[in-house]
Amino acid sequence: MPAIRLPDGSTRTYDAPVTAAEVAADIGPGLAKAALGAKVDGVLRDLAAPIETDCELALVTAKTREGEPDADALFLLRHSAAHVMAEAITNLFPGVQLVYGPPVEQGFYYDMALPEGTAISSEDFDRIEQEMSRIIEEDRPFSRYEMPLARGMEKLRTEGSKYKLDNAERAADAGSTELSWYATGTPGTHWEDLCRGPHAPSTGRIGAFKVMSLASSYWHGDENSDRLTRVYGTAFADRKQLKQHLERLEEARKRDHRVLGRQLRLFHIDEQVGQGLILWSPNGAVVRQQLQEFISEELRKQGYHQVFTPHIGKLDLYRTSGHFPYYQDSQYTPIVDRVQIDELAREGCSCGDLANRLEQGEIDGYLLKPMNCPHHIRIYASEQRSYRDLPLRLAEFGTVYRWEQSGEIGGLTRVRGFTQDDAHLFCREDQIAEEVRGCLSIVKLIFGTLGMHDYRVRVGLRDPDSTKYVGDPANWDKAERACRDAARELGAKFTEEPGEAAFYGPKIDFVVKDVIGREWQLGTVQVDYNLPERFELEYIGADNARHRPVMIHRAPFGSMERFVGVLIEHFAGAFPCWLAPEQVRVLPISDKSEAYAAEVLAKLKALGIRATVDDGSERIQAKVKVATDMKVPYLAVVGPRDAENREVSIRAFGIERNLGSIGLDDFLEAVDAENSSRGGTRLVDRFDAGTH
RNA sequence: GCCACCGUAGCUCAGUGGUAGAGCACACCCUUGGUAAGGGUGAGGUCGUGGGUUCAAGUCCCAUCGGUGGCUCCA
């Protein structure tokens, strides 16, 4: 009967169906005790699930060989912990309706509908945890039982569980012919939940857990549907892993760009200025400026032309582009001429009328620009273009404004005014592949220089079943191929996502994670067949006929705000020397060395190095501490001895000791070289100090 | 926009109805010290804002603005 192949290559044959638990017991009592679940032909199952046919079986235990928690084990533990939490909350909050409680990357959550007038608050976490502990201590088995679809539905209807019934209907739509429940203990006696499984064998296996946070969610993710309460928790096999997890969260908080932004005085968001509007302090402005210069240099090398365009444009421009009114909800409201407003007021025009007439195009106004493309398009259209002019690449660090929902705004990653490293490439159909490749080469260079390798690439392709797309399908095929090939050449991990293309063309997105694991889209490269059409762009071809160019929108780093936010976290605030707001701080031992310190400073400044002197009356220990807190890459300590020998004594951020002395001229040369090569050569490498 | 939580000195935070606190930062003084904080003194707050309850509100209630986590959204 079943021949079961194990990961070590051996095979066990059984005369009758067995469970994974029995196989584990056959292999050894230690494994039987440690097993949480089983992978049968790669599918995660209950330990108690019967195995009837030949298969490959791997038993899931909490620890991998590398000592990291096993992903499947965490899945089982967290899914099970979600049930335990749901039971605990059901006990404590009568009338709760359960909705859905899956494991997620950092733990699990459970969505539930609370009776009108009740609410869970974070002050309830303690008693929820206590109740959970009680259930876990009882070490009740997770017992699965099944029912044919119709009977199962009937049961749910009788119980009046609206949301579970919906879940069951969805399962039925997906082709399920039966429904399964998991009782936490004995079916009929203990708490149970409609659930596909799988689960850990019993509640006692949940070694450590914690209720983490509260949130609201919408049923089916639809904001017009029921509002649900979502409780987040996490679970691990043991306390040590949980503790490690919590410590990691704490560490992450320290490198959160909002925390570092304040500490290092990089940027400021001011209530009096407005939500989501970033004020770049001098330190942050340096970082942004250095990045922009770096990017600009590369753009020049690639034949881009930089342009400048204003922050507003006529509403009609955006009617032509389609941004207004299609994306009206995410734009600031239009600015209407004062004289016209006065006139309208005299006519008794209401706000509603005004909005309506703006929409109808009866009144013109100006819009804070939500995108730079229309302005760039008008630059393209300002001259007659020949095929010889193409590709024309217009670049601008263009600032745009979008009305983001207030609950979305935060830090540098989601803002209402931001500067894109934008460019629009106007090219011929046959130039798309080359241009897309060029866009990605900039990304590769800049991410490479910054040491950012942990990003993923999404290639958005059209949905083959949809007809919403503009442009010739044959061209789409070519453009999609160009995007896919360029992404492959880039060498980063990428996924193709059909249906994720914009209606006007395929695109490539770059996605990175922040310190708390949230993903952010940085840049994008999009092929666009639509706007050239809307603006009736043309060029004269070699055949002396008029042709329509294709546009490529590209902002590989998205916005300077978000990109710098991600960079702050990437470097934990310790920028490499070439990017650092302050590159060198000169620290005189006492005021006896002030003159020499001033000389060192003057020489650094003459080279364009961003340097300061700390000539306070503190002791050197204090000066080092303060400079280190500000994460200054290099400290040049100077005392009488150094002045005598015309040397400086160097300390580099991240290396917790004095590296030793170096001649002043050597030092200047090394810092200059590091700065101008953007870290190509480094001062620390002159010392036998390793890296930082 | 929705739900929960939070808002006290420049920053980090304590303060459960009875006359506002600490550390750091800041100013001044002493200290002239060789690599992660020497010592002293001082200044600094209508407790986010507006209402209400109360003899009395930082503290309780309502509204509003802002922040955090999530949901939804993101051309």
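Here is the naming used below: chain letters follow the sequence lines, and residue numbers restart at 1 for every chain.
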May I ask you to say what [X] touches in the nucleic acid, namely base, sugar-phosphate or nothing, with a heavy-atom cut-off under 4.0 Å?
X      : value
A:A215 : base
A:S216 : base
A:D222 : nothing
A:Q405 : base
A:G407 : base
A:G322 : nothing
A:R230 : sugar-phosphate
A:T229 : nothing
A:I409 : sugar-phosphate
A:G274 : nothing
A:S321 : nothing
A:I589 : base
A:F503 : nothing

Between [Y] and [X], is there a cation-pi geometry (under 6.0 Å to ring centre, at most 45° from the normal)?
X      : Y      : answer
A:R554 : A:F510 : no
A:R227 : A:W219 : no
A:R230 : A:Y109 : yes

Counting the benzene-type ring for Trp, do A:F557 and A:F563 have ring centres under 6.0 Å apart? yes
Is the distance between the ring centroids of A:H245 and A:F236 under 6.0 Å? yes
pair A:N283-A:E582: side-chain heavy atoms closer than 4.5 Å: no
Taking [M] as the reference, what is the distance to [N] when you measure between their [atom1] atoms (whole Å, please)?
N      : M      : atom1 : answer
B:rG33 : B:rG38 : P     : 14 Å
B:rG45 : B:rC30 : C1'   : 30 Å
B:rA27 : B:rG66 : P     : 34 Å
B:rC71 : B:rG15 : P     : 31 Å
B:rG7  : B:rA14 : P     : 8 Å

Watson-Crick or G-U wobble mate for [N], both contacts under 3.5 Å:
N      : answer
B:rU41 : B:rA27
B:rU16 : none
B:rU64 : B:rG48
B:rU53 : none
B:rA9  : none
B:rC2  : B:rG70
B:rU59 : none
B:rG34 : none

Grab the [atom1]-[atom2] distance between [X] and [N] for me, whole Å please.
X      : N      : atom1 : atom2 : result
A:I269 : B:rU68 : CD1   : P     : 7 Å
A:L635 : B:rG34 : CG    : C1'   : 13 Å
A:K623 : B:rU31 : NZ    : C1'   : 13 Å
A:E404 : B:rA75 : CD    : C1'   : 11 Å
A:L367 : B:rA75 : CG    : P     : 17 Å
A:L531 : B:rA75 : CG    : P     : 14 Å

Which of these nucleotides, [options], is closest to any side-chain atom of [X]?
X      : options                : result
A:Y504 : B:rA75, B:rC71, B:rG38 : B:rA75
A:K592 : B:rU32, B:rA4, B:rU31  : B:rU32
A:R262 : B:rC2, B:rU32, B:rU12  : B:rU12
A:R414 : B:rU31, B:rG69, B:rC74 : B:rC74
A:E271 : B:rG66, B:rG38, B:rA75 : B:rG66
A:M371 : B:rA75, B:rG33, B:rG34 : B:rA75
A:H323 : B:rA75, B:rA37, B:rG34 : B:rA75
A:R619 : B:rG70, B:rG38, B:rG69 : B:rG38
A:S217 : B:rC71, B:rA36, B:rG34 : B:rC71

Between the base of [N] and the side chain of [X], is there any donor-acceptor pair under 3.5 Å?
X      : N      : result
A:Y218 : B:rG1  : yes
A:S330 : B:rA75 : yes
A:N658 : B:rG34 : no

Indicate whether any N or O donor in one side chain lies under 3.5 Å from an N or O acceptor in the other, for [X] and [Y].
X      : Y      : value
A:D226 : A:Y163 : yes
A:Q526 : A:H553 : no
A:W520 : A:D514 : yes

By nearest heavy atom, map A:E618 and A:R227 onto RNA chain B; which one lands nearer the 5' end? A:R227
Assuming nearest nucleotide by heavy-atom distance, tell me which of A:S593 and A:Q526 is located more 5' along RNA chain B. A:S593
So does [X] get a side-chain nitrogen or oxygen closer than 4.0 Å to the phosphate oxygens (OP1/OP2) of [N]?
X      : N      : value
A:R258 : B:rU68 : yes
A:R651 : B:rG34 : no
A:R518 : B:rG70 : yes
A:Q275 : B:rG66 : yes

CZ of A:R462 to NZ of A:K507: how many Å apart, nearest 0.5 Å? 15.5 Å
